[in-house]
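Accompanying notes for the structure given below.
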Amino acid sequence: MITGSDGIFTLVLGRIVPVHDPRTTLNQNDLIMSLNRLSLGVTSLLLMSRLACLAAEEPIATIAVISNPYITTLPAEEIKDESDRLRDFLAKTGPESMEKTVALVNELKPDALVVLGSLTWSGSGADFEAIATYLDKVQVPTFVVHGHRDRLSGSLDGYDRLFGNCSVANTTKSVNGVTLAFATDLDADPDAATQRLEQQLAETDDSKAVLLFNGKDRGVPRSKLTPTHEQFWKLVEQQHIAVRFDPTRYNHQTGYTNTLPIWTVGSTGWSIRGAITVARVFADRIEMRQVAEVAQPTFSLTVPNPVTQPRLATAEDDPFACPSYSEDLASNPDFTFALVSDPQFDRESNRGYLIQKAEAAITELNRLNPAMVFVAGDLVNNNLPEEWQLFNEKFSKLKPPRHVVPGNHDVLFNYDFVEESYSSAPTKRPDYAAIVREALASAKKEGFSGAAALYEKYTDSKPRQMIEHGECAFVTVPFLTMRADAEQIDFLRSQLKKTKDKRHVFVIAHYPSLPAFGNNVQPQLGGTEVLSLLHEHRVTGYLFGHRHRNGFRIHERTAHVLTDNMLTIHLLHVFADRIVLGRKQVGSPLYERLVIHSPRQ
């Protein structure tokens, strides 16, 4: 086994196999057996030489990308958006995020930094001076494209004066033989942008890869670039464009149109708060990831480099409408299960939107057909019978087996909460409290009692249970507030003790157990003991919701996987020695992956 800059590689029957590759199915025992079969002569020496070369594989180029820093010198009370809504948080998040971004870029040392979207919020000379103080600290070549807010003052004089030498709008640049093509007018005038790109890219026939950067100007209400724009999509194929990067004000997403992957770069000041996109270009592939902390693993999207490799199938041609999923199934995992959370059906608030989100996710889950689906709590919002009936109506259409765990909203009006916002619910909504009391009295006559009585009645599930599937065990435990009660901890301990012969163990809960995620089970209220049990019993994954966003951290070899409120499906492909975790946004044909190595190996 040899360790290189890009991971650990094994030599197996004359093939080089990276251990971290999701498609790898061989463990160390396979390696030893395979090496024993090899002769010790010249052939082995040549293979080992090849192994060393591949283990040290370096990317052709590494490009960091950020978007929409939104730096401004305006007083907080004057920071308003296009709809005149106050966005005073930018006075704090903009500078803090740029400090973090610059430090991260300098630590990672990419070959270049690309800044897309609006550098400033108001386009004033003072704003441009302010953003320049940050970008001047970047220690790698920087390419800058202005956005629509940079033009709000009516002039780009400040931009031209400070960034004229590194402005790349509607040009191409080469970094280590990789062509970066910038088209700020692709949405507004795709005909002109395509014609210009044809001329520019015709001069770069020897490109090792082609990356396209779109302006995605918010001043253009609706893009005129469509999936049927024949001239542009012909250009994509002929010039081997590998991926398109779009700036956005909001969170990062992955997309896929025809055969072109689309990676949206979230605003460093508004949404992703200092994280950066890192694109690594290899001869055969492009790897993209959003990095916030160097020390923590990150999800990555890997797509073929069409200069040397065939493209992925279109979503229309893929049996699951998801080429990423087909790739993972081709690796022959033992089985695949899915995680979603917080459908939170409500009697009144956002009822239609919540139904729409759930139906979209259920449709995708049925198409993907994993072995089972876990729903990590907050099935309903107010613990009302009407909401429970709605949950059953929608989730009865889910075809794979379903396992659920209750959340805090599933016991609302009937639990001893730590948080005042939940414990005060009966005084805020006495009408709802009365409905729940009546429903509990009726449920008691049917044999259901306790905090989760309505949950048990309507889901036909116990709040705590052990589920076994092959060589995996799943323990559901209902942490319903920022406290782990002694009874809950005792149950968790007793069940984990039964799993010593399992390859993987997962705990599914609702509340986070790590303080890093916030609103977690408090350390002094049982949280420390929960984390200790996860470590002691070498739990592969602690899976949860509650925070209505996605997140991931490794803590003492246990993966903590946070899933949002039905906008994302986490897909866990189970292998003997690892889990390939896919984070699929509902509606996107591609998804990012991360490998979790088993703490029991």
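Values reported hereafter were calculated over all heavy atoms of this structure, with side chains retained and with hydrogens, waters and symmetry mates removed. We're numbering straight along the sequence, starting at 1.
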Looking at CG of Leu354 and CG of Leu390, how far apart are the two atoms once the value is rounded to the nearest 0.5 Å? 9.0 Å
Asp317 atom CG: more than 12 heavy-atom contacts under 6.0 Å: yes
Over all atoms of both residues, closest heavy-atom pair of Val507 and Leu534: CG2-CD2, 3.9 Å
Student check: side-chain heavy atoms of Ile435 and Arg347 closer than 4.5 Å: yes
Pair Glu82 + Arg249, salt bridge at N-O below 4.0 Å: yes
Glu327/Arg593 under salt bridge (charged side-chain N to carboxylate O under 4.0 Å, His left out): CA gap, chis, key distance, verdict: CA-CA 11 Å; Glu327 279 189 319; Arg593 300 180 180 91; 2.9 Å; yes
Output yes when Asp334 and Arg503 qualify as a salt bridge under the 4.0 Å nitrogen-oxygen rule, no when they do not. no
Closest contact, heavy atoms only, Pro385 versus Tyr458: CB-OH, 3.4 Å
What heavy-atom pair brings Val586 and Met566 nearest, and what distance separates the two atoms? CG2-O, 3.8 Å
Kindly indicate, with the supporting measurements, whether the criterion side chain to side chain donor-acceptor pair (under 3.5 Å) is fulfilled by Gln344 and His548. CA-CA 11 Å; Gln344 214 154 334; His548 290 204; 3.0 Å; yes
For the backbone of Ala439 and the side chain of Ser442, can you confirm whether one donor and one acceptor N or O come within less than 3.5 Å of each other? no
Are Phe337 and Phe506 near enough that their ring centres are under 6.0 Å apart? yes
Kindly say whether Leu225 contributes a backbone atom to a donor-acceptor pair with the side chain of Ser223 at under 3.5 angstrom? yes
Could you please spell out the steps behind the side chain to side chain contact (heavy atoms under 4.5 Å, CB included) verdict for Ile276 and Thr268? CA-CA 7 Å; Ile276 64 175; Thr268 192; 5.7 Å; no
Between Phe391, Tyr511, Tyr422, which is the residue that forms a ring-ring contact (aromatic ring centres under 6.0 Å, His included) with His409? Tyr422
Rounded at 0.5 Å granularity, tell me how far CG in Leu492 sits from NE2 in His537. 7.5 Å
Sidechain-backbone polar pair: Asn350 side chain, Tyr353 backbone, donor-acceptor under 3.5 Å: no
Would the distance check show the side chain of Thr93 and the main-chain N or O of Gly269 forming a donor-acceptor pair, the cut-off being under 3.5 Å? yes
Evaluate side chain to side chain contact (heavy atoms under 4.5 Å, CB included) for Phe474 paired with Met372, printing each intermediate quantity in order. CA-CA 11 Å; Phe474 302 85; Met372 62 184 99; 4.0 Å; yes
Got Val436 and Leu412 here, is their nearest side-chain heavy-atom distance under 4.5 Å? no
Should the heavy atoms of other residues, nucleotides or ligands under 6.0 Å from NZ of Lys428 be counted, would the total exceed 12? yes
Measure the shortest side-chain to side-chain distance between His546 and Ser341 over non-hydrogen atoms and say whether it is less than 4.5 angstrom. no
Could you state the interatomic distance from OG1 (Thr298) to CG (Leu594), rounded to the nearest 0.5 Å? 7.0 Å
Exactly one of Thr481, Asp378, Thr476 clears side chain to side chain donor-acceptor pair (under 3.5 Å) with His510, and that residue is Asp378
Before giving the answer on side chain to side chain donor-acceptor pair (under 3.5 Å), spell out for Thr264 and Thr248 the whole-Å C-alpha distance, their side-chain angles and the decisive distance to 0.1 Å. CA-CA 6 Å; Thr264 61; Thr248 181; 5.7 Å; no
Counting C-beta onward and ignoring hydrogens, is there a side-chain heavy-atom pair between Ile467 and Phe374 closer than 4.5 Å? yes
Between Pro512 and Arg547, the two heavy atoms sitting closest are CG-CG, 4.0 Å
Would you call Leu581 and His570 a side-chain contact if the rule is heavy atoms closer than 4.5 Å? yes
Can any side-chain N or O of Arg483 pair as donor or acceptor with the backbone N or O of Asp416 at less than 3.5 Å? yes
Does Thr540 reach the main-chain N or O of His504 with its side chain, forming a donor-acceptor pair under 3.5 Å? no
Would you sort out whether Leu379 and Phe345 count as a side chain to side chain contact (heavy atoms under 4.5 Å, CB included), showing the intermediate values? CA-CA 7 Å; Leu379 314 182; Phe345 291 104; 6.0 Å; no
Give a yes or no on whether a salt bridge exists between Glu536 and Arg493, defined as a side-chain N under 4.0 angstrom from a carboxylate O. no
4.5 Å side-chain heavy-atom contact, Thr563 and Leu543: no
Tell me the closest heavy-atom pair linking Pro406 and Pro478, and the distance in Å. CG-CB, 3.5 Å
Pair Arg273 + Glu96, salt bridge at N-O below 4.0 Å: no
CD of Glu446: more than 12 outside heavy atoms within 6.0 angstrom? yes
Does the plane of the ring in Phe413 sit parallel, tilted or perpendicular to the ring in Tyr432? Use 30° and 60° as the thresholds. perpendicular
Can a side-chain donor-acceptor contact be found between Asn381 and Glu387 if the only test is distance below 3.5 angstrom? no
Greater than 12 external heavy atoms within 6.0 Å of Glu438's CD: no
Expected output: side-chain Glu359 to main-chain Lys394 donor-acceptor under 3.5 Å: no
Would Asp328 and Tyr591 satisfy side chain to side chain donor-acceptor pair (under 3.5 Å), going step by step from the backbone distance to the final call? CA-CA 11 Å; Asp328 284 338; Tyr591 58 74; 2.5 Å; yes
Where Leu496 and Leu533 come nearest, the two heavy atoms and their spacing: CD1-O, 3.9 Å
Whether the side chain of Ser118 engages the backbone of Arg149 through a donor-acceptor N/O pair (distance < 3.5 Å, no angle test) should be reported. yes
Separation of Phe320 CZ from Ser326 OG (nearest 0.5 Å): 5.5 Å
Any donor-acceptor pair under 3.5 Å from Ser267 side chain to Tyr250 backbone: no
May I ask you to check whether Phe544 and Phe517 place their ring centers less than 6.0 Å from one another? yes
Distance check, rounded to the nearest 0.5 Å: Cys322 atom SG versus Leu590 atom CG? 7.0 Å
Ring-ring centroid check Trp270 Phe89, cutoff 6.0 Å: yes
Rounded at 0.5 Å granularity, tell me how far NZ in Lys399 sits from CD1 in Ile362. 12.0 Å
In this structure, is the centre-to-centre distance between the rings of Phe335 and His469 below 6.0 Å? yes
Going by heavy atoms in the side chains, are Lys357 and Val340 under 4.5 Å from each other? no
Answer yes or no: is there a side-chain heavy-atom contact under 4.5 Å between Ile569 and Glu364? yes
Parallel, tilted or perpendicular: ring planes of His573 versus Tyr325, cut at 30 and 60 degrees: tilted
When you measure from the side chain of Lys584 to the backbone of Ser588, do you find a donor-acceptor pair of N or O atoms at a distance under 3.5 Å? yes
Under 4.0 Å between a Lys/Arg side-chain N and an Asp/Glu carboxylate O for Arg600 and Glu471? no
